[in-house]
Amino acid sequence: MHHLSHSPLTASPRHLNDPAVIGAEQAWSWRQIHEASLLLADRLNDASAVCNLCTTRVSFLVTWLAALRRRCVLVLPPSSGRGDLTRVLAANPRTIVVGDDAEHLRKHLPEEARSVHCAPEQRASWADDETLRLDPAWAEPAVVLYTSGSTGAPEPQAKTLMQLADGAAALGARLAECLDGGLPAIRRIVCSVPPQHMFGVESSVMLSLLHNIPVLDRRPLLPADVGQAFADSPTGVWIATPLHLRGLAESGVRLQNCAIVIASTMPLTRALALQTESLVDAPVLEIYGSTETGALAMRRTAQTTAWRPLDGVQLESIDGATRATGIHFRSPVDLLDQIEIGADGCFELLGRQTDLIKIAGRRASLAGLNLVLQDLPNLEDGVLYLPDSNALVQRLCLIYCGAQLNRSAAEQWLKTRIDPVFIPRTFIRVDRLPRHDNGKLPRQALNELFEAWQRRS
């Protein structure tokens, strides 16, 4: 794979009049997006970092490109909550926070924070092609993302623009293999995950910038909204989490004009992949990766349990962990997952060291148990959770939301699928699970839920 140091990020004269973002009322061309980014760049003053809180695709992309133009570090925070923003601002003192929700900026920003409200308006074209040319610092750290915090506190991860572009190129090459007609068959990206997280950045921001694919300016979450997004669309790709796929499967909504589905952020069951494929009449591809590395491998979950590494990625098993090398991240990276590599270079995931739990002398992978749980009848959303405890006998809890479960029916169903010692002894029903908007469950938030339940009971 070659480095993409000369990618114009669609400030290319031959792409400038192509659609970049498709809105409900109007489309934005790359020319309009880049012109708006020049105007915003002028408002960034002496900032060395830009924290991008924008939720609409137009303002997110305008802010992203403005930061690149000014060679500011682009910070994508773990959430837009005051606590996370305070930590981000402490780590990057000369930061300007850019958001498209003026009220959120007023209410949730720490008092000392500097902010800019981003509300791009379409106007008559005013800049020539040369003025719009983009010359970012490809090899310098350009973007800081945060890990999900599912095993601890969110950790910052710096990326160069080159690494992000190479990762999206590898992702694009794999997608092209799986599509009739290759990448040109995708004429729209419909993304249900936020652009602030690694999966969203790679699949909906960089893929769009690198391959000139327009993005829908909505983040459809409900099955009917996803259906509507594709109904009046040219052929597109749907970027989603397994939670979105489950919603679609339960609703029975069929997607038209969807050429491929890409899922990530949490494990996908084979049964759900099969159900989704029957409703979209297209392959469902699952990504294996991390914030530290970006996408590493893909599989078509309905057909195989084996993962195939992306071009340029090598994985090896070392002492119960996995070492990953590739050109789109700082190599090597040691991952906590345990894998078994086949003769063809594909691999099976066996679980992770930190994920192994031991109850009554038996061991199991918590992620594996939670994957089984996803198919529990009548469960809207739930997770098996092992409290931090010094008790001699530890037992799992089921924390769930939605309709009240019939406990004996749930236990009977689980008994046929998992070792009885791992059947949860405590069922805790909550209004909703504290998932991030990328679908992940921070360990700290689960601890707090459990402690609140203990105080009540």
Side-chain angles (χ1 to χ4, degrees), residues 19-28 53-61 79-80 99-101 103-104 119-120 185-197 199-205 207-208 213-266 268-269 272-287 374 379-381 401-403 431-441:
V21 181
I22 311 289
E25 283 82 37
Q26 57 207 3
W28 284 69
L53 294 186
C54 296
T55 55
T56 71
R57 281 287 164 172
V58 171
S59 12
F60 181 89
L61 203 48
S79 79
S80 58
D100 48 14
D101 181 338
E103 193 169 339
H104 183 90
I186 297 180
R187 289 318 314 140
R188 184 172 295 184
I189 294 172
V190 175
C191 188
S192 295
V193 300
Q196 273 86 358
H197 303 288
F199 176 41
V201 165
E202 229 169 21
S203 59
S204 69
V205 181
L207 206 60
S208 170
I213 307 171
V215 182
L216 184 74
D217 195 22
R218 295 201 298 281
R219 182 156 80 90
L221 302 176
L222 300 174
D225 297 332
V226 179
Q228 188 57 49
F230 279 99
D232 54 357
S233 163
T235 317
V237 55
W238 183 28
I239 314 290
T241 72
L243 286 179
H244 298 120
L245 270 51
R246 189 196 299 170
L248 188 82
E250 287 172 355
S251 73
V253 168
R254 292 187 170 275
L255 298 192
Q256 303 167 307
N257 308 317
C258 180
I260 203 156
V261 178
I262 307 176
S264 193
T265 74
M266 53 194 291
L268 174 63
T269 64
L272 182 53
L274 281 164
Q275 281 177 290
T276 307
E277 288 201 357
S278 71
L279 289 171
V280 302
D281 197 24
V284 173
L285 300 182
E286 188 179 4
I287 290 180
Q374 300 315 308
L379 178 72
E380 182 182 305
D381 189 15
C401 63
D431 292 336
R432 65 174 200 88
L433 286 181
R435 290 192 184 276
H436 275 164
D437 45 14
N438 63 356
K440 299 212 179 217
L441 278 169

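Scanning for side chain to side chain contact (heavy atoms under 4.5 Å, CB included) contacts around Ala273 gives Leu268, Thr301, Ala302, with sequence neighbours left out. For Phe60, the ring-ring contact (aromatic ring centres under 6.0 Å, His included) partners are Trp64, not counting sequence neighbours. A search for side chain to side chain contact (heavy atoms under 4.5 Å, CB included) contacts involving Asp225 returns Pro220, Leu222, not counting sequence neighbours. For Ala403, the side chain to side chain contact (heavy atoms under 4.5 Å, CB included) test picks out no residue, with sequence neighbours left out.
Considering every non-hydrogen atom in both Arg435 and Arg432, the closest pair reads N-NH1, 4.3 Å. Gly252 approaches Leu279 most closely through the heavy-atom pair O-CD2, 3.6 Å. A pairwise comparison of heavy atoms in Ser192 and Leu221 identifies O-CD2, 3.5 Å as the closest pair. Heavy atoms only, all atoms of each residue included: Val253 and Pro223 are closest at CG1-O, 3.9 Å. Heavy-atom minimum distance, Pro242 versus Leu272: O-CD2, 3.5 Å. Contact between Leu53 and His104 at its shortest, heavy atoms only, is CD1-CD2, 4.3 Å.
Note that CD1 of Ile287 is 6.0 Å distant from OG of Ser203, once rounded to the nearest 0.5 Å. Atom-to-atom distance recorded for Glu286:CD and Met266:CE is 10.5 Å, nearest 0.5 angstrom. To the nearest 0.5 angstrom, Leu207 atom CG is 4.5 Å from Ile213 atom CD1. Remark: Leu255 CG to Trp238 CH2 distance equals 6.0 Å, nearest 0.5 Å. Note that the CD1 atom of Ile262 and the CG atom of Leu285 stand 6.5 Å from one another [nearest 0.5 Å]. Between the SG atom in Cys258 and the CZ atom in Arg188 there is a gap of 12.5 Å [rounded to 0.5 Å].
You'll find the side chain of Leu441 reaches within 4.5 Å of the side chain of Pro434, heavy atoms only. Contact of the Arg57 side chain with the Cys191 side chain is registered, since non-hydrogen atoms from C-beta on lie closer than 4.5 Å.
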Worksheet item: Passes side-chain hydrogen bond (donor to acceptor under 3.5 Å, both in side chains), Thr55 versus Arg219? Steps please.
Response: CA-CA 9 Å; Thr55 55; Arg219 182 156 80 90; over 6 Å; no
Worksheet item: Which is it for Val280 and Leu248 under the side chain to side chain contact (heavy atoms under 4.5 Å, CB included) test, yes or no, and what are the steps along the way?
Response: CA-CA 10 Å; Val280 302; Leu248 188 82; 4.0 Å; yes
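Side chain of Ser208 to main chain of Pro214: no donor-acceptor pair is present (N/O by atom type, distance under 3.5 Å, no hydrogens or angles). A donor-acceptor pair is defined here as one N or O able to donate and one able to accept, closer than 3.5 Å; no such pair exists between the side chain of Asp100 and the backbone of Cys54.
Applying the side-chain hydrogen bond (donor to acceptor under 3.5 Å, both in side chains) test to every pair with at least one member in residues 244-264, sequence neighbours left out, gives these pairs: Thr241-His244, Arg246-Gln374. Residue pairs meeting the side-chain hydrogen bond (donor to acceptor under 3.5 Å, both in side chains) criterion with at least one partner in residues 275-284, sequence neighbours excluded, are Glu277-Arg300.
Of the candidates Thr269, Val261, Val226, Leu245 forms a side chain to side chain contact (heavy atoms under 4.5 Å, CB included) with just one, namely Val261.
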